[in-house]
Participant: 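I have a structure here, written as structure tokens, and I will follow up with some questions on it.
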Amino acid sequence: MKEELEKITPSKISSFQVFLIHVCCGLALAVGFWVAHNVYSINLIFDPTGTLRLIWAIEFPVVILLFSCFRQKPEKCSYLKAIARGLLGLPVGALINALGALALGAPAGLQYFERTVSWSLLMSSLTFVPTACVYGSCWTDWHRIFACTKPKGSLDFMLCLPAHGAVIGAWFGAWPMPLDWERPWQDWPICVSYGAMAGYVAGMVGSLGLALMHTGGKQLKAE
């Protein structure tokens with residue numbers, strides 16, 4: 001599978017390949033929840049740190065191994081180098097996500113430190129690592145995808161929409177936290193994590209839809 005993906009250039013990624021990548025990433029999230037619940041008997045509400053740690057530990061390898069196949073300029077960047085970029089991107093993205101969450105009001109006490117680290121690593125796996133594997137440190141591409149939001153094709157849709165979906169979902173998920181309902185799922189970062197993963201899945205669905213439209217438009221032009 002890896003060899004087949006490596007032969008694909010960004011302009012030739014088919015809708016089926018987009019679908020395949022998203023299914024694998026989505027299944028990794030589902031497997032993380034399944035392992036947490038059925039193997040370790042934990043969940044996000046009663047053990048958010050352990051559950052988030054399991055989910056990102058399963059999601060991250062899937063993301064980094066798949067998206068490294070789509071690295072730009074493969075003649076200059078080997079598969080292992082793309083993996084190394086993803087490994088480096090994980091802590092960098094986690095730090096950015098953690099600082100962003102703290103700036104927006106996430107609790108900063110020591111009792112929340114492990115939760116914040118686990119949540120940030122998961123968010124980095126969903127938002128930062130895929131682009132790090134594909135584009136490395138190319139600021140032009142990062143700026144185009146995330147600041148200007150101008151994806152060029154199916155590959156950029158795969159990077160842009162799920163990442164934006166995760167961030168927006170986390171933001172919406174934080175809304176119930178300050179309310180005085182006194183529910184256990186309102187604690188940091190439980191509802192934020194649910195929102196982020198829901199937004200990530202929605203972003204994957206949206207990117208697949210746009211990939212289908214992009215591929216269909218190119219076929220019509222060719223005809």
Participant: On a heavy-atom basis, which atom in Gly89 and which in Ala132 lie closest, and how many Å separate them?
Facilitator: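 For Gly89 and Ala132, the tightest heavy-atom pair comes out as CA-CB, 4.3 Å.
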Participant: Could you state the interatomic distance from OG1 (Thr131) to CE (Met158), rounded to the nearest 0.5 Å?
Facilitator: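 If we round to the nearest 0.5 Å, Thr131:OG1 and Met158:CE are 10.5 Å apart.
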Participant: Could you list the residues that satisfy side chain to side chain donor-acceptor pair (under 3.5 Å) with His22, not counting sequence neighbours?
Facilitator: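 Listed in chain order: Ser207.
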Participant: What I'd like to find out is whether the side chain of Leu66 reaches to under 4.5 Å of the side chain of Cys24, using heavy atoms alone.
Facilitator: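 Yes, their side chains come closer than 4.5 Å.
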Participant: Which value, rounded to the nearest 0.5 Å, describes the distance between Leu27 atom CG and Glu59 atom CD?
Facilitator: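 Between Leu27 CG and Glu59 CD, I get 10.0 Å after rounding to 0.5 Å.
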Participant: side-chain hydrogen bond (donor to acceptor under 3.5 Å, both in side chains): which pairs involve residues 178-202, sequence neighbours left out?
Facilitator: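 For residues 178-202: Tyr112-Asp187, Arg115-Asp187, Thr116-Trp188.
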Participant: Are Val134 and Arg71 close enough that some pair of their side-chain heavy atoms sits under 4.5 Å apart?
Facilitator: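 When only atoms from C-beta onward are counted, Arg71 and Val134 do not touch, as no gap falls below 4.5 Å.
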Participant: Does the Thr127 side chain pair with the main chain of Ala163, one donor and one acceptor, at a distance under 3.5 Å?
Facilitator: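 Absent.
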Participant: Does the side chain of Pro189 come within less than 4.5 Å of Leu52's, by heavy atoms?
Facilitator: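 Leu52 vs Pro189: side chains touch.
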Participant: Measure across Ile190 and Pro48 and return the closest heavy-atom pair with its distance rounded to 0.1 Å.
Facilitator: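 Taking every non-hydrogen atom into account, CG1-CB, 4.2 Å.
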Participant: Given a cutoff of under 4.5 Å between side-chain heavy atoms of I, L, V, M, F, W and Y, with clusters grown through shared members, what are the other residues clustered with Ile42?
Facilitator: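 Answer for Ile42: Val31, Trp34, Val35, Val39, Tyr40, Leu54, Ile58.
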Participant: Keeping to residues at least two apart or across chains, list the salt bridge (charged side-chain N to carboxylate O under 4.0 Å, His left out) pairs with something in residues 24-49.
Facilitator: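 Checked against salt bridge (charged side-chain N to carboxylate O under 4.0 Å, His left out) - neighbours excluded - no pair reaches residues 24-49.
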Participant: Sequence neighbours left out, what passes side chain to side chain contact (heavy atoms under 4.5 Å, CB included) with Ser124? Give chain and number order.
Facilitator: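 Residues passing side chain to side chain contact (heavy atoms under 4.5 Å, CB included) with Ser124: Leu90, Ala94, Asn97, Phe128, Val129.
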Participant: Is there a side-chain contact between Phe33 and Asn38 in this structure, where contact means two heavy atoms from C-beta onward sitting under 4.5 Å apart?
Facilitator: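 The answer is no, as the side chains (C-beta and beyond) never meet within the 4.5 Å cut-off.
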Participant: Side-chain heavy atoms nearer than 4.5 Å, only ILVMFWY residues, links allowed to pass through others: does that put Leu159 and Phe19 together?
Facilitator: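 Leu159 and Phe19: one cluster.
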Participant: Are Leu121 and Ile96 connected into the same hydrophobic cluster when the rule is that any two of I, L, V, M, F, W, Y join if their side-chain heavy atoms are below 4.5 Å apart?
Facilitator: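 In one cluster: yes.
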Participant: Check Ala211 against Ser154 and note the closest heavy-atom contact, atom names and distance.
Facilitator: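 The pair with the smallest heavy-atom distance is CB-OG, 3.7 Å.
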Participant: Test of understanding: with ring pair (Phe, Tyr, Trp, His ring centres under 6.0 Å), list the residues that count as partners of Phe67, not counting sequence neighbours.
Facilitator: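 Ring pair (Phe, Tyr, Trp, His ring centres under 6.0 Å) list for Phe67, sorted by chain: empty.
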Participant: How far apart are the closest heavy atoms of Ile64 and Cys133, and which atoms are they?
Facilitator: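 Looks like CG1-SG, 3.6 Å.
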Participant: Kindly state each residue pair satisfying salt bridge (charged side-chain N to carboxylate O under 4.0 Å, His left out) with at least one member in residues 128-142, sequence neighbours excluded.
Facilitator: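 Of all non-adjacent pairs touching residues 128-142, those that pass salt bridge (charged side-chain N to carboxylate O under 4.0 Å, His left out) are Asp141-Arg144.
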Participant: Please name all residues satisfying ring pair (Phe, Tyr, Trp, His ring centres under 6.0 Å) with His143, sequence neighbours left out, ordered by chain then number.
Facilitator: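 Once residues adjacent in sequence are excluded, the partners of His143 under the ring pair (Phe, Tyr, Trp, His ring centres under 6.0 Å) criterion are Trp139.
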Participant: Can you hop from Leu99 to Phe146 via hydrophobic side chains spaced under 4.5 Å?
Facilitator: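 No.
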Participant: Group every Ile, Leu, Val, Met, Phe, Trp and Tyr by side-chain heavy-atom contacts under 4.5 Å, then state whether Val62 and Val205 land in the same group.
Facilitator: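 Hydrophobic grouping puts Val62 apart from Val205.
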Participant: Closest heavy-atom contact between His164 and Ile145?
Facilitator: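 Heavy atoms of His164 and Ile145 come nearest at CE1-O, 3.8 Å.
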Participant: Which Ile, Leu, Val, Met, Phe, Trp or Tyr residues join Leu88 in one cluster when any pair of side-chain heavy atoms under 4.5 Å counts as a link?
Facilitator: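 Taking Ile, Leu, Val, Met, Phe, Trp and Tyr as members, Leu88 stands alone, with no cluster partners.
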Participant: Please list, chain by chain and in numerical order, all residues satisfying ring pair (Phe, Tyr, Trp, His ring centres under 6.0 Å) with Phe60, sequence neighbours excluded.
Facilitator: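 If we apply the ring pair (Phe, Tyr, Trp, His ring centres under 6.0 Å) test to Phe60, skipping adjacent residues, there are no hits.
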Participant: Hey, what else clusters with Ile168 if you join Ile, Leu, Val, Met, Phe, Trp, Tyr whenever side-chain heavy atoms sit under 4.5 Å?
Facilitator: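 Traced through the cluster, Ile168 reaches Trp171, Phe172, Trp175.
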Participant: Rounded at 0.5 Å granularity, tell me how far OG in Ser68 sits from CZ in Arg85.
Facilitator: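 It is 8.0 Å, given to the nearest 0.5 Å.
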Participant: Where do Gly32 and Ile55 come nearest, in terms of heavy atoms and distance?
Facilitator: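 Where Gly32 meets Ile55 most closely, the heavy atoms are C-CG1, 4.0 Å.
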Participant: Using the rule that two of Ile, Leu, Val, Met, Phe, Trp, Tyr join whenever any of their side-chain heavy atoms come within less than 4.5 Å, decide whether Leu87 and Tyr79 are in one cluster.
Facilitator: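 Leu87 clusters together with Tyr79.
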Participant: Rounded to the nearest 0.5 Å, how far does OG of Ser15 lie from CG of Leu20?
Facilitator: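 The OG atom of Ser15 is 12.5 Å from CG of Leu20, to the nearest 0.5 Å.
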Participant: With side chains defined as the heavy atoms from C-beta onward, is the minimum distance between Cys191 and Met177 less than 4.5 Å?
Facilitator: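 Yes, close enough: below the 4.5 Å cut-off.
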Participant: Using the test side chain to side chain contact (heavy atoms under 4.5 Å, CB included), find all partners of Ala170 that sit at least two apart in sequence or belong to another chain.
Facilitator: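 Only Trp119, Met123, Val192, Ala196 meet the side chain to side chain contact (heavy atoms under 4.5 Å, CB included) criterion with Ala170.
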Participant: Side-chain contact, heavy-atom cut-off 4.5 Å: Trp56 with Leu126?
Facilitator: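 No, their side chains stay 4.5 Å or more apart.
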Participant: How about Met204 and Cys25: do any of their side-chain heavy atoms sit closer than 4.5 Å?
Facilitator: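 Yes, side chains in contact.
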Participant: With heavy-atom distances below 4.5 Å as the criterion, would you say the side chains of Leu155 and Gln72 are in contact?
Facilitator: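 Leu155 vs Gln72: side chains touch.
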